[in-house]
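Below, chains carry the letters A, B, ... as their sequence lines are ordered, and counting in each starts from 1. Every heavy atom of this structure was used, including side-chain atoms; hydrogens, water molecules and symmetry mates were not.
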Number of protein chains: 2
Amino acid sequence: MGEVVEGDVGAVDAFDVFERDCPSRVTLEHVTGRWGALTLCALAEDTLRFNELRRRVDGVSEKMLSRTLQALERDGLVIREARPVQPPHVEYRLTAFGAQAAGRLRELIDLVEGRMPEVLAARESYDAARGAGWQRGQ
Amino acid sequence: MGEVVEGDVGAVDAFDVFERDCPSRVTLEHVTGRWGALTLCALAEDTLRFNELRRRVDGVSEKMLSRTLQALERDGLVIREARPVQPPHVEYRLTAFGAQAAGRLRELIDLVEGRMPEVLAARESYDAARGAGWQRGQ
DNA sequence: CGGCATCCGTGACGATACTG
DNA sequence: CAGTATCGTCACGGATGCCG
């Protein structure tokens, strides 16, 4: 994974995220965004309906969940399936790409969760060192 | 996933990101944030100085890079090493935790970059389907 | 139930100037 | 070089209300 097939001219860095106007940055932000990441991971566990998702991703507002799902659907990570019944029944599930992304995210999240004790300790010593004269977002 | 080991009082999901007030969410946002992710990946390739980093992460402002680095240092992902010389010489490098996080991020980014052609196609068909009469951020 | 439209505050973010 | 300080903007994101 990741090795380069030579002979292919420069298609390698065609979508390099380090470039400021690269479209891959936008997609990456959708995937790694505050709600995007959690939404993808929630859908990786199970196909869910709108309000089930809302409950699973604790704290997300209706508007943001809606926006997040639209962005992910537009980028081809999520499939929205609406069954024409009364009352409405809409389900969200992942595409193959979405499932892969969710898998990578899961690994990252598991890592972070597992390292939290160490993170909390690091914060304390950081704040202790610089007189706690901080502020700025968390 | 999600089952509780009885007898042990909830230590299992002690840092579950799906919970709204969990500190792991904040750290995850630092790691996956717009500039956090790129900064970590840049430092995974090499130890860098402030302005080298600024050039590598195309588009980041001084202020945001500074904030990003502080957040990552505080969470124990980045080490800031200042040598007391004139002119100032400051280097940033990853901790073991930071390197692991960067590795996971790299995999995610590689995936996204590789799938961009498909993403672009998905967007076109999405926009085509719904009259393209939209807007809202990307 | 599954949304979209609207109002609106807070803070993220960029540009610029300044310091050590 | 490596930042901090200050200012202005605008879009993120929550609350509310309405519709199919």
To the nearest angstrom, the CZ-P distance between B:Arg34 and C:dG11 comes to 18 Å

Toward the 5' end of DNA chain C, which comes first, B:Pro88 or A:Arg20, by nearest nucleotide? A:Arg20

Applying side-chain contact (heavy atoms from CB on, under 4.5 Å), name anything that partners B:Ala42, two or more places apart in sequence or on another chain. A:Phe18, B:Leu48, B:Leu53, B:Arg56, B:Val57

Atom-to-atom span, NE2 of A:His89 to P of C:dG2 - whole angstrom: 7 Å

Would you indicate which nucleotide in D:dG13, C:dC1, D:dT4 comes nearest to any side-chain atom of A:Asn51? C:dC1

How many whole angstroms separate atom CD of A:Glu91 from atom C1' of C:dG3? 16 Å

Please list, chain by chain and in numerical order, all residues satisfying side-chain contact (heavy atoms from CB on, under 4.5 Å) with B:Ser66, sequence neighbours excluded. B:Phe50, B:Gln70

With B:Glu118, which residues qualify under salt bridge (Lys or Arg N to Asp or Glu O under 4.0 Å), at least two apart? B:Arg115

Can you tell me if the side-chain N/O atoms of B:Tyr92 get under 4.0 Å from OP1 or OP2 in D:dC1? no

More than 12 foreign heavy atoms under 6.0 Å from CD of B:Glu52: is that the case here? yes

B:Arg80 near the nucleic acid: base, sugar-phosphate alone, or nothing, with a heavy-atom cut-off under 4.0 Å? sugar-phosphate

Between D:dT4 (C1') and B:Leu69 (CG): distance, integer Å: 14 Å

Taking atom C1' of C:dG2 as reference, at what distance in whole Å does atom CD of A:Gln86 sit? 10 Å

On DNA chain D, does the nearest nucleotide to B:Val90 precede the nearest nucleotide to A:Trp35 from the 5' side, or the other way round? Give the residue. B:Val90

Atom CZ of B:Arg83 and atom C1' of D:dG3: how far apart are they, to the nearest Å? 18 Å

Between the two ends of the helix from C:dC1-D:dG20 to C:dG20-D:dC1, what is the bend in degrees, rounded to 10 degrees, where each end axis spans five pairs? 50°

Sequence neighbours excluded, the answer for salt bridge (Lys or Arg N to Asp or Glu O under 4.0 Å) partners of A:Glu62 is none

Residues touching DNA chain D, which here means a heavy atom under 4.0 Å, drawn from residues 56-65 of chain B: B:Glu62, B:Lys63

Measure CD/B:Glu29 against P/D:dC12 and give the value in whole Å, please. 14 Å

Please identify each residue that fulfils salt bridge (Lys or Arg N to Asp or Glu O under 4.0 Å) with B:Arg80, with sequence neighbours left out. none

Could you tell me whether the phosphate oxygens of C:dC4, OP1 or OP2, come under 4.0 Å of any side-chain nitrogen or oxygen in A:Gln70? yes

Results of salt bridge (Lys or Arg N to Asp or Glu O under 4.0 Å) for A:Glu29 - residues two or more places apart only: B:Arg34

Rounded to the Å, how far apart are B:Glu73 CD and D:dA2 P? 15 Å

When you get a sec, tell me which of C:dC1, D:dT4, D:dC12 is the closest nucleotide to the side chain of A:Arg67? D:dC12

A:Thr27-B:Arg123 side chain donor-acceptor pair, cut-off 3.5 Å: yes

Any pair counted as salt bridge (charged side-chain N to carboxylate O under 4.0 Å, His left out), so long as it reaches residues 82-97 of chain B, sequence neighbours left out: B:Glu81-B:Arg93

Side-chain N or O of A:Ser66 less than 4.0 angstrom from OP1 or OP2 on C:dG2? no

